[in-house]
Amino acid sequence: MGTFYNKDGKSVLQTVVKGIQENKAYLGEVDGLIGDGDHGMNMNKGFSLFETRFKEEEFTFAEGLYELGNILFSEIGGSMGPIYGTILMDAGEAGEDFDAIGTKELAQMLETGLEGLYDIVEAKVGDKTLVDTLAPAVEALKASDGDFKSALQDMKAAAEKGRDATKDMVAKFGRSSRLGERSRGVLDAGATSCCIILTAMADGILEYL
Amino acid sequence: MGTFYNKDGKSVLQTVVKGIQENKAYLGEVDGLIGDGDHGMNMNKGFSLFETRFKEEEFTFAEGLYELGNILFSEIGGSMGPIYGTILMDAGEAGEDFDAIGTKELAQMLETGLEGLYDIVEAKVGDKTLVDTLAPAVEALKASDGDFKSALQDMKAAAEKGRDATKDMVAKFGRSSRLGERSRGVLDAGATSCCIILTAMADGILEYL
Amino acid sequence: MQRILNDPDNIVDEMLEGFLKAHGDIVEKTGNKRVVKAKKIKADKVGVATGGGSGHKPAFIGYVGENMCDTAAVGEICSSPTAAAFLDSFREADQGKGVACLYGNYSGDNMNVKMAVKMAKREGITVKTVVANDDVASAPKDQPEKRRGVAGEIFMWKAGGAKAALGGTLDEVIAAAQKAIDQTRSVGIGLTPCTLPAVGHPNFEIKEGTMEVGIGHHGEPGIEVCPLESADQMAKRMVDIVIGDVPFEKGDEVAVLVSGLGATPVMELYVLYNEIEKLIGGRGIKIHRSYVGNYFTSLEMMGATLTVMKLDDELKELVDLPIETMGLTQI
Amino acid sequence: MQRILNDPDNIVDEMLEGFLKAHGDIVEKTGNKRVVKAKKIKADKVGVATGGGSGHKPAFIGYVGENMCDTAAVGEICSSPTAAAFLDSFREADQGKGVACLYGNYSGDNMNVKMAVKMAKREGITVKTVVANDDVASAPKDQPEKRRGVAGEIFMWKAGGAKAALGGTLDEVIAAAQKAIDQTRSVGIGLTPCTLPAVGHPNFEIKEGTMEVGIGHHGEPGIEVCPLESADQMAKRMVDIVIGDVPFEKGDEVAVLVSGLGATPVMELYVLYNEIEKLIGGRGIKIHRSYVGNYFTSLEMMGATLTVMKLDDELKELVDLPIETMGLTQI
Ligand SMILES: Nc1ncnc2c1ncn2[C@@H]1O[C@H](COP(=O)(O)OP(=O)(O)O)[C@@H](O)[C@H]1O
Ligand SMILES: Nc1ncnc2c1ncn2[C@@H]1O[C@H](COP(=O)(O)OP(=O)(O)O)[C@@H](O)[C@H]1O
Ligand SMILES: [Mg+2]
Ligand SMILES: [Mg+2]
Ligand SMILES: [Mg+2]
Ligand SMILES: [Mg+2]
């Protein structure tokens with residue numbers, strides 16, 4: 001089983017921020033191949049802004065997700081503002097009242113985020129977007145038998161598999177969708193950053209388990 | 001002694017044109033070091049224009065010099081328009097009435113060109129301009145004992161020496177003059193092209209001697 | 001990277017500060033530092049708002065001014081402005097007659113505008129939108145909804161801005177802007193890539209001796225990479241793509257805009273326009289008005305775009321109306 | 001070389017053809033294909049002529065138009081126009097009241113103008129000249145006759161052109177233009193070299209990570225090569241050089257022009273101007289009017305120039321007069 005306290009969330013968020021910061025250049029490269037190359041720079045700017053602004057603050061895991069999403073949404077813009085903004089704010093809101101967070105709670109939070117995303121984008125699994133990472137990760141959590149540690153490992157594995165799967169897809173949405181067949185053969189930038197976020201989140205949580 | 005016929009001048013002019021064309025890139029490089037790099041391109045454009053325009057025409061050596069100068073003056077512009085324009089037009093005019101051209105006649109033509117130049121620029125020997133090539137070349141012709149072949153060789157040698165001397169000079173006129181000491185250590189572009197012209201002219205004439 | 005920068009992460013804010021200082025006669029700042037408004041928005045007219053990522057100077061803020069756009073929301077380099085910035089831009093533009101939001105077809109902009117329109121509605125501000133999709137190379141003709149907006153946006157703003165200035169209703173402004181963009185086609189050829197300051201190296205490559213036909217304003221790959229051609233061949237390719245994609249026929253009158261992508265010497269844009277003019281004229285199409293310059297750029301990319309708009313009497317009147325903006329002043 | 005060209009040897013003529021086609025409302029051609037004239041030269045005024053090498057767009061032909069220059073002679077890239085072109089430009093500009101030839105201090109231009117003035121005199125056309133020498137970095141203060149003319153020429157043309165439009169005599173026009181340039185100082189910083197199309201490779205080098213302070217408009221080396229600095233440091237350097245070289249004092253009013261050298265994104269020019277404005281303001285000097293953009297370029301060089309002109313009441317009136325040219329339209 002296993003849970004971690006919502007109030008211990010700050011260090012989890014810090015791990016997530018670090019994950020994006022360390023991959024700024026890599027995400028730029030991935031986005032550069034079939035997009036415009038700004039994914040790493042914008043994600044890094046938003047996540048770092050969150051880090052600095054809330055350095056001295058206390059916040060829960062759910063609050064942190066919400067505030068991070070809010071910064072992306074209201075200060076970074078781009079595609080990531082509405083997309084990660086919605087996912088993170090909705091996930092955060094869904095977790096507001098939790099005291100302890102385990103497999104079920106995390107699944108519920110992330111699923112709410114994914115559903116929020118579905119409200120604003122039409123992308124489905126297979127369209128070469130971050131949905132390909134997030135959706136299977138949520139499924140993995142939901143399908144897990146309950147042990148949080150192994151659920152988190154399952155989620156990581158599913159996210160990675162989802163991300164890798166975008167490589168062979170043809171983009172249907174976003175900037176690279178105009179390339180048709182030319183978009184095949186490279187990872188999707190959003191799927192890649194989403195995997196980094198989920199992996200770092202899992203690793204951050206695992207520290208408490 | 002020795003002379004060549006003014007009416008045989010076309011091939012001499014062709015040799016001169018070829019000399020510039022073959023050195024287009026080199027002259028650009030020399031001018032690029034302390035100037036703006038256009039010397040080869042402009043000289044080549046003017047000389048090639050002359051070549052095409054007068055391809056089917058008959059003309060004397062003196063007429064050819066005049067027309068070449070006129071093209072530089074009235075169609076190329078830059079510094080070379082007035083400078084080589086004046087030198088070549090004045091030299092051509094001075095040779096108009098010659099039937100045969102030998103040491104004395106060539107000396108007189110080029111000296112008239114040099115004097116025409118002195119009317120429009122203030123540069124003297126030692127100022128790192130094409131005067132450093134042309135002035136000693138004229139002197140060499142004038143000082144020569146009369147044999148045209150050896151006079152031409154003397155002129156070539158003097159032109160080369162003059163050109164090489166510009167390397168250690170500090171530019172006093174033209175674009176590079178603002179560099180002061182920084183202009184030392186490289187050849188002057190105009191002195192270099194002038195040496196090419198005089199050398200080709202001598203070689204062209206030598207064909208007839 | 002040989003660039004004029006302080007912290008690359010602050011470039012947009014610093015640029016805006018400098019822009020507002022330099023053009024205080026045309027634009028002014030608003031409560032949202034990422035929203036710029038025209039100095040003299042006539043009361044009692046339909047507001048015209050736009051917005052987009054930075055790095056395309058003069059677009060987007062350079063087209064804010066009398067008889068053109070009233071407000072622009074400003075995004076990070078190559079990124080849509082936030083929904084909050086769009087919302088504030090609507091608030092500033094609204095004079096009680098509604099707002100026409102005229103922007104380009106990019107996923108981020110679509111999402112943020114959509115959200116902002118929804119929020120504006122809650123506040124009682126009516127916002128209608130036109131989405132520019134003039135870039136022929138970005139999707140086949142039967143998928144216009146996938147096509148990007150590029151330099152043709154300028155004609156859309158010109159038409160919409162003029163219509164609003166002339167007292168048009170919101171629906172009339174929207175109709176004019178929509179007609180303008182429907183009658184407009186563009187294509188770009190990229191010769192060198194660009195470098196986002198915060199990234200520090202080009203994120204795509206155009207090999208020396210090749211050119212990217214149909215490149216997007218963010219370096220999105222085009223239809224074809226082919227050996228570098230001479231200006232007349234490039235012109236032919238561009239004219240064929242643009243004129244071939246509908247609405248242009250013999251006898252038409254058009255407005256033509258040739259824009260550099262940033263680093264191509266303007267001299268070369270005239271060499272290109274010289275060829276384009278011959279080709280368009282040769283097809284029996286009359287050029288009513290032409291623009292040649294850096295009107296919609298991609299940082300320091302080399303290359304150019306061609307935009308052609310087919311004119312009717314209404315569009316002609318709208319295009320000819322004087323304007324004063326940083327990017328285009330027309331007397 | 002990723003450029004838009006046909007035969008590089010014809011680039012100037014082709015550019016001119018394109019320019020005339022695009023700007024038929026402002027300029028027109030003359031009997032000399034290397035001379036461009038303004039469409040509506042007011043009768044009975046002093047003619048204002050200029051000219052210079054190509055590759056500096058909008059300079060020089062881009063400043064031909066109402067209330068600015070009446071004619072421009074056009075040279076090869078980086079080369080003075082011919083004396084014949086200058087002469088023809090005087091003939092076109094002359095309305096019987098004489099001609100002010102306002103040009104930049106380069107050896108070729110000096111020679112060709114001098115010859116053309118002499119030839120014009122023979123025809124009964126009085127031509128007086130002002131030679132711009134605003135580039136501080138090109139020679140020490142005590143050798144003003146050696147200093148090059150750079151972007152400050154725009155202020156010289158603005159003042160001279162306006163004075164002529166307002167009905168000034170030849171001597172008054174010359175005096176106004178001379179005062180303008182005497183009160184103007186400029187400096188440039190180069191970040192990347194440029195390539196003459198007919199040469200095909202850069203003819204000088206600016207090493208990545210360095211900058212050339214005081215570079216000329218043809219890539220002439222400057223005062224100093226130093227490590228690349230941030231925008232605020234560059235601004236400080238430029239302001240120190242320009243303001244330090246006379247005429248500017250606390251309490252002065254000035255016009256400021258920041259021009260890109262061609263390939264620097266305009267966005268960065270605003271970042272630079274933002275810093276410059278702080279520094280000039282910090283010295284108690286008031287900016288009456290500012291221009292930021294690509295006003296005087298060097299093909300595809302990266303970098304920028306700063307030009308500052310000290311204003312008195314006359315210069316203020318002249319700078320503020322509306323003009324319509326391709327390079328600058330001011331309402
Ligand atoms: N309409 C969309 N639906 C779903 N995901 C999208 C959509 N548009 C973009 N994305 C995601 O956003 C990623 C690109 O993000 P980013 O580079 O930050 O934005 P932009 O494409 O605006 O530059 C894509 O890789 C994709 O995963
Ligand atoms: N005022 C001058 N007096 C004498 N020679 C000059 C003068 N100005 C330029 N030159 C000559 O012209 C050469 C440069 O020619 P070119 O590169 O064609 O012209 P520009 O300097 O105008 O680009 C110099 O190397 C020098 O020999
Ligand atoms: Mg992107
Ligand atoms: Mg030169
Ligand atoms: Mg983007
Ligand atoms: Mg030159």
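By convention in this document, chain letters (A, B, ...) are assigned in the order of the sequence lines, proteins followed by strands, and residues within each chain are numbered from 1.
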Side chain, backbone, both or neither: which part of [X] has a non-hydrogen atom closer than 4.5 Å to chain C?
{"X": "Thr297(D)", "answer": "neither"}
{"X": "Ile77(D)", "answer": "side chain"}
{"X": "Met326(D)", "answer": "side chain"}
{"X": "Leu228(D)", "answer": "side chain"}

Where [X] and [Y] come nearest, the two heavy atoms and their spacing:
{"X": "Ile4(C)", "Y": "Ala304(D)", "value": "CD1-CB, 3.9 Å"}
{"X": "Val266(C)", "Y": "Lys57(D)", "value": "CB-CB, 3.9 Å"}
{"X": "Tyr270(D)", "Y": "Ala22(C)", "value": "CE2-CB, 4.0 Å"}
{"X": "Ile323(C)", "Y": "Ile331(D)", "value": "O-CD1, 4.4 Å"}

Given that the side chain runs from C-beta out, which part of Ile189(C) has a heavy atom under 4.5 Å from chain D: side chain, backbone, both or neither?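 Contact with chain D involves no heavy atom of Ile189(C) at all.
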Region of Val258(C) that comes under 4.5 Å of a non-hydrogen atom in chain D: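 Answer is neither: Val258(C) stays 4.5 Å or more from chain D.
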Are [X] and [Y] close enough that some pair of their side-chain heavy atoms sits under 4.5 Å apart?
{"X": "Ile11(D)", "Y": "Glu268(C)", "answer": "yes"}
{"X": "Leu5(D)", "Y": "Val271(C)", "answer": "no"}
{"X": "Gln2(D)", "Y": "Met301(C)", "answer": "no"}
{"X": "Met15(C)", "Y": "Asn274(D)", "answer": "no"}

Count the heavy-atom pairs under 4.5 Å between each of [options] and chain D, then report the option with the highest count.
{"options": "Leu328(C), Asp232(C), Leu272(C)", "value": "Asp232(C)"}
{"options": "Glu275(C), Lys21(C), Glu300(C)", "value": "Lys21(C)"}
{"options": "Thr192(C), Asp25(C), Val256(C), Thr210(C)", "value": "Thr210(C)"}

Let me see the working for Met302(D) and Arg3(C) under side-chain contact (heavy atoms from CB on, under 4.5 Å), right down to the final yes or no. CA-CA 8 Å; Met302(D) 284 186 145; Arg3(C) 308 284 280 274; 4.1 Å; yes
Taking atom types as modelled, find out whether Asn6(D) and Gln233(C) have a side-chain donor-acceptor pair closer than 3.5 angstrom.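 Not at all, the side chains of Asn6(D) and Gln233(C) share no donor-acceptor pair under 3.5 Å.
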Chain C neighbours within residues 279-294 of chain D, where any heavy atom lies under 4.5 Å away: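 Listed by number: Ser290(D), Val292(D).
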Specify which of His23(D), His56(D), Met211(D), Met267(D) makes the most heavy-atom pairs with chain C at under 4.5 Å.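 Going by pairs under 4.5 Å, I would pick Met267(D).
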